Amino acid sequence: MNEANRLQRMRELGVRLQELRLLPSHSVNSYAGAALNFLFQHHQIKKPAGAPLDDSLRALAVGLALKHKMLTRPDPDKVIDFFCRHYQVH
């Protein structure tokens, strides 16, 4: 998946999280950024400061793999797909 597609999927995830009232109902500057921040906070993983989307998603994947003692490290696209399925993003 290219960067534009990843960003679009993260936006869709952010909108869905707001629909589920997991994100504040007041205006959000960036749905993609809010979704990413939510995932890092919810899973208690330190978010890299100022990192591009791909690097942030890789850090999230590594953090989740370590936290859940996974033998393989999921890639950024698999992380997005997992959370989109989990939160039923269409």
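Fair warning: this is a prediction, and the values are worked out from it, not measured in the lab. Positions are given from 1 along the sequence. Scope of the values below: all heavy atoms of this structure, side chains included, with no hydrogens, waters or symmetry mates.
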Interatomic spacing from [atom1] in [X] to [atom2] in [Y] - rounded to 0.5 Å:
X     : Y     : atom1 : atom2 : result
Leu36 : Lys47 : CG    : NZ    : 5.0 Å
Arg85 : Lys78 : CZ    : NZ    : 10.5 Å
Leu60 : Arg58 : CG    : CZ    : 12.0 Å
Asp54 : Met1  : CG    : CE    : 11.0 Å
Arg6  : Leu53 : CZ    : CG    : 7.0 Å
Leu39 : Leu17 : CG    : CG    : 6.5 Å

Using the rule that two of Ile, Leu, Val, Met, Phe, Trp, Tyr join whenever any of their side-chain heavy atoms come within less than 4.5 Å, decide whether [X] and [Y] are in one cluster.
X     : Y     : result
Leu22 : Tyr31 : no
Leu57 : Val15 : no
Leu64 : Phe82 : yes

Minimum-distance pair of heavy atoms, taken over all atoms of [X] and [Y]:
X     : Y     : answer
Leu23 : Gly14 : CD1-O, 3.3 Å
Ile45 : Gly63 : CD1-C, 3.6 Å
Ala51 : Ser56 : O-OG, 3.5 Å

Heavy-atom neighbours of Lys67 NZ exceed 12 at 6.0 Å: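 Yes, NZ of Lys67 has more than 12 neighbouring heavy atoms, counting only those of other groups under 6.0 Å.
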Any side-chain heavy-atom pair of Leu7 and Arg11 under 4.5 Å: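 They are in contact (side-chain heavy atoms under 4.5 Å apart), so the answer is yes.
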For Met70, side-chain contact (heavy atoms from CB on, under 4.5 Å) partners two or more places apart: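 side-chain contact (heavy atoms from CB on, under 4.5 Å) list for Met70, sorted by chain: Ala65, His68, Pro74.
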Polar side-chain atom of Arg16 near backbone of Val89 as donor-acceptor pair, under 3.5 Å: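 The answer is no, because no donor-acceptor pair under 3.5 Å joins these two groups.
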Output field: ring centroids His43/Phe83 closer than 6.0 Å: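 Between Phe83 and His43, which both carry aromatic rings, the centre distance is below 6.0 Å.
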Residue list, ring-ring contact (aromatic ring centres under 6.0 Å, His included) with Phe40, at least two apart or on another chain: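 Testing Phe40 for ring-ring contact (aromatic ring centres under 6.0 Å, His included), a comparison that skips the adjacent residues, returns none.
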